[in-house]
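Just follow the structure's listing: the first ligand is 1, and inside any ligand the first atom is 1.
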Amino acid sequence: MSSSTFNPDLKDDADVQLNADGSLRHLLTLKGLSKDILIELLDSAEAFLSPEGALPVRSKALNGRTIANLFFEPSTRTRASFDLAGKRLGADVLNLDVNTSSRKKGESILDTIYTLEAMQVDIMVVRDAGAGVPAYIARNAKDFVSVLNAGESDVSHPTQGLLDILTMRQYRQDFENMTVAIVGDIQHSRVARSAAHGLETLGIGELRLVSPPAMAPAADDMPFAKLVDNLDDGLRDADVVMALRIQRERIGNLDGIPGIDEYFANFGISRERMKLAKPTAIVMHPGPMNRGIEIEGIVADSPQSVITKQVTNGVAVRMAVLERVMRTLDAR
Ligand code: CP
């Protein structure tokens, strides 16, 4: 990984996120999260979905509670869906405008957290470019506070992983017979890592990480996956094809990174290329999309595409996670 390092005192996030009794206190990573907890969250998310066109499901599970969205990196989907998820559960939701917050005046992240704790915030939703930031906050938070990772450097994006896996499960439940191809800038992708860790736990049949060599992960990063540097080989007979954006904000050295036209020609998910996957294959993208670079617009809008379904599932998954950690806090 090429993540920007925040805290050298990193503990395994999987240890930090569980209480001694194994209940989910924070959600920091899918790596090491048990199959039981994964399935519980997926099942709970499913119950928060309503038919297309119907009113969204609401609950009073977080009535009187407060959620703070702290996004120190840009976001549309994750931030909006945590906002809606909290409101649909009855919580007050504070969307801190980081660009006009006192962090711009030099306040430390922990002083920001202590300030919000003093305002009786129960759940902090954190996105940050620094590796280890959500776990650092979780280790320093009061025992009545839960921290949810909403995107951490190139390390982890656990609610995205959950919504991606929920979307795959709606298509097929037999993960052991499924071939998933994640295509693009794997090296800098927290989305790929979280999906990969969750799929490993669920016993995925074959996971292919398909990228140009300059965007490939280290061989020991996700050793259970097959690294592929040729798109045709990566797509052949795949059940699920997920395209990723090139994470330019995380690429320090552009040496070896293909130009846009070369990238699309060799790694873009085009209608022609999709003929290599199974005819029933679904196409996914976590967003934001760059049409004509990692995916052809006609593919993104095709009947095979479940990209907007991923977005819908994102709200449900975030409701499930908020409700789960709130139950842990309530049981203190
Ligand atoms: N997939 C995702 O994290 O999108 P946003 O950056 O818009 O939140």
Do Arg88 and Phe48 form a cation-pi contact, if we require the NZ or CZ to be under 6.0 Å from the six-membered ring centre and within 45 degrees of the ring's axis?
no

Thr76 heavy atoms within 4.0 Å reach ligand 1 at atoms 5 (P), 7 (O), 8 (O)

For Gln160, the ligand 1 atoms whose distance to one of its heavy atoms is below 4.0 Å
1 (N), 2 (C), 3 (O)

Do Asn149 and Gln17 meet the criterion of a side-chain donor-acceptor pair at a distance under 3.5 Å?
no

Has Arg318 got its NZ or CZ under 6.0 Å from the middle of the six-membered ring of Phe82, at an angle within 45 degrees of the ring axis?
yes

May I ask you to test the Ile113-Met124 pair for a side-chain heavy-atom distance under 4.5 Å?
yes

Before signing off on this row, confirm whether Arg79 and ligand 1 have an N or O atom pair separated by under 3.5 Å.
no

Any N or O of Pro288 closer than 3.5 Å to N or O of ligand 1
no

Just wondering, are more than 12 heavy atoms of other shown residues or ligands nearer than 6.0 Å to CD in Glu249?
yes

If you scan protein heavy atoms around atom 4 (O) of ligand 1, the nearest is Arg77 NE, 3.1 Å

Which option, Ser75, Pro74, Gly151, owns the non-hydrogen atom nearest atom 5 (P) of ligand 1?
Ser75

Count the heavy atoms belonging to other residues, nucleotides or ligands that lie under 6.0 Å from CG of Asn266, then report whether that count exceeds 12.
yes

closest protein heavy atom to atom 6 (O) of ligand 1 is Arg127 NH1, 2.9 Å

Check each atom of ligand 1 against the heavy atoms of Thr78 and keep those under 4.0 Å away; list them by number with element.
2 (C), 3 (O), 4 (O), 5 (P), 8 (O)

